[in-house]
Protein chains: 2
Amino acid sequence: MEQYIELLKHNNIKVTPQRLAIVELMDINGHISVREIFNKIKANFPSLSLATVYKNVNSMLKNSFIKELKITGQDSKYELAKEAHSHLICQSCGDVKDIILDTNSLISDALEKSDYTISESSLQLFGLCSNCQ
Amino acid sequence: MEQYIELLKHNNIKVTPQRLAIVELMDINGHISVREIFNKIKANFPSLSLATVYKNVNSMLKNSFIKELKITGQDSKYELAKEAHSHLICQSCGDVKDIILDTNSLISDALEKSDYTISESSLQLFGLCSNCQ
DNA sequence: CTGACTGCAAACGTTTTGCACGGTA
DNA sequence: TACCGTGCAAAACGTTTGCAGTCAG
């Protein structure tokens with residue numbers, strides 16, 4: 001709890017119960033959609049409004065202390081910003097798992113082969129998690 | 001033109017002028033959104049309905065002879081299915097360019113480090129194209 | 001105390017659906 | 001001819017906005 005308060009304060013966002021619930025969910029679940037956030041919090045917090053979730057997710061995105069994950073065939077999911085990593089996505093249950101892979105050689109190869117500069121990358125690996133195999 | 005007729009026939013989809021226009025646009029533009037498809041075709045084909053574009057794009061997705069490209073901060077774009085490749089995305093003008101990179105070592109590394117099977121991957125590289133630098 | 005946040009309802013844009021008509025095979 | 005595709009209008013969504021009341025700092 002204390003850690004989430006600190007996280008919000010560090011990002012110059014006022015601490016409210018709704019925001020604490022949102023960052024706590026993201027921390028525990030790892031990757032979560034707006035609708036999932038709303039449904040889970042709503043259970044213990046009936047007055048919550050969907051609009052509030054959207055407003056908060058958007059302001060957290062602007063402060064870029066959370067990141068959006070667009071996934072084919074799924075709603076966008078959100079995660080707390082942390083060190084660069086890739087995502088394993090289960091095509092059966094939709095589960096998303098972080099994995100740290102070295103993409104440096106790939107990126108330098110891309111810089112060589114193209115006339116783009118590159119400042120960011122996103123790698124998604126689709127397959128089946130151990131439960132769904 | 002003949003090539004597009006063949007492409008549709010090979011995928012057991014009836015050949016209509018609207019569908020020909022859509023696959024031609026995808027072939028020429030490479031990556032294009034529903035709205036862009038609609039606007040471009042509408043100019044030469046005033047009776048076209050947005051609903052028709054959606055219906056066709058969805059059925060082409062199901063037959064998986066086109067692929068969806070979800071990009072942070074942009075509308076989804078669609079491309080004809082072809083050999084596996086990655087995407088360079090310009091953060092300024094939104095341009096998308098294909099690039100072929102060898103992701104094999106990355107994927108075998110991921111297989112080793114995780115308990116997932118992997119059947120597909122998507123790599124997006126964000127930066128600036130030569131015009132926008 | 002002041003500005004920011006919340007909840008509600010309305011507005012908005014996008015995507016889907018149902019149906020009658022027209023075109024493809 | 002039989003079925004599928006088209007266009008239109010309406011409906012269904014997801015997301016955003018405006019506003020009045022409330023709360024955090």
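We name chains A, B, ... by the order of the sequence lines, and we start the count at 1 in each one. Just so you know, these numbers use all the heavy atoms, side chains as well, and skip hydrogens, waters and symmetry mates. Since the model is a prediction, treat every value here as computed from it, not as a measurement.
Atom pair B/Leu48:CG and C/dG22:C1' shows a separation of 16 Å (rounding to whole Å applied). With rounding to whole Å, A/Lys62 atom NZ is found 14 Å from C/dA4 atom C1'. Atom CG in B/Leu8 sits roughly 13 Å away from atom C1' in C/dT24 (whole-Å rounding). Between B/Asn63 atom CG and D/dG5 atom P there is a gap of 10 Å when expressed in whole angstrom units. The separation between A/Asn12 atom CG and D/dA24 atom P is 18 Å, rounded to whole Å. Distance, B/Ile5 CD1 to C/dT24 P: 11 Å, rounded to whole Å. For the pair B/Ile13 CD1 and D/dT6 C1', the computed distance is 15 Å after rounding to whole Å. Rounded to an integer number of Å, the gap from NZ of A/Lys14 to C1' of D/dG25 is 6 Å.
Comparing B/Asp75 and B/Lys9, the nucleotide of DNA chain C nearest to each residue sits closer to the 5' end for B/Asp75.
Checking side-chain atoms of B/Asn29 against main-chain N and O of B/His31 turns up no donor-acceptor pair under 3.5 Å. Remark: the backbone N or O of B/Asp115 is paired with a side-chain donor or acceptor of A/Gln133 at under 3.5 angstrom.
Base engagement by A/Thr52 is indicated by at least one non-hydrogen atom pair under 4.0 Å involving a base atom.
The side chain of A/Gln18 sits closest to C/dT6 out of C/dT6, D/dC4, D/dC8. Of the candidate nucleotides D/dA24, D/dG7, C/dT24, D/dA24 has the atom lying nearest to any side-chain atom of A/Pro17. For A/Lys55, taking side-chain heavy atoms from C-beta onward, the closest of the listed nucleotides D/dG18, D/dC8, C/dT24 is D/dG18. Nearest to the side chain of A/Ala51, among C/dT24, D/dG25, C/dA9, sits C/dA9.
Cluster membership for B/Phe126 and B/Leu101, using ILVMFWY side-chain heavy atoms within less than 4.5 angstrom, is not shared.
Residues B/Gln124 and A/Leu123 form no side-chain contact, since every pair of their non-hydrogen atoms from C-beta on lies 4.5 Å or further apart.
For A/Lys113, the NZ atom counts as densely surrounded, since its 6.0 Å shell holds more than 12 non-hydrogen atoms of other residues, nucleotides or ligands.
For the pair A/Glu120 and A/Lys67, the salt-bridge criterion is met [side-chain N within less than 4.0 Å of a carboxylate O].
Between A/Ile41 atom CD1 and A/Glu36 atom CD the span is 11.5 Å, to the nearest 0.5 Å.
In this model, the phosphate group of D/dG5 is not approached by any side-chain N or O of B/Asn56 to a distance below 4.0 Å at OP1 or OP2.
Listed by residue number, A/Arg19, A/Ser47 are the residues of residues 19-47 of chain A with a heavy-atom contact under 4.0 Å to DNA chain C.
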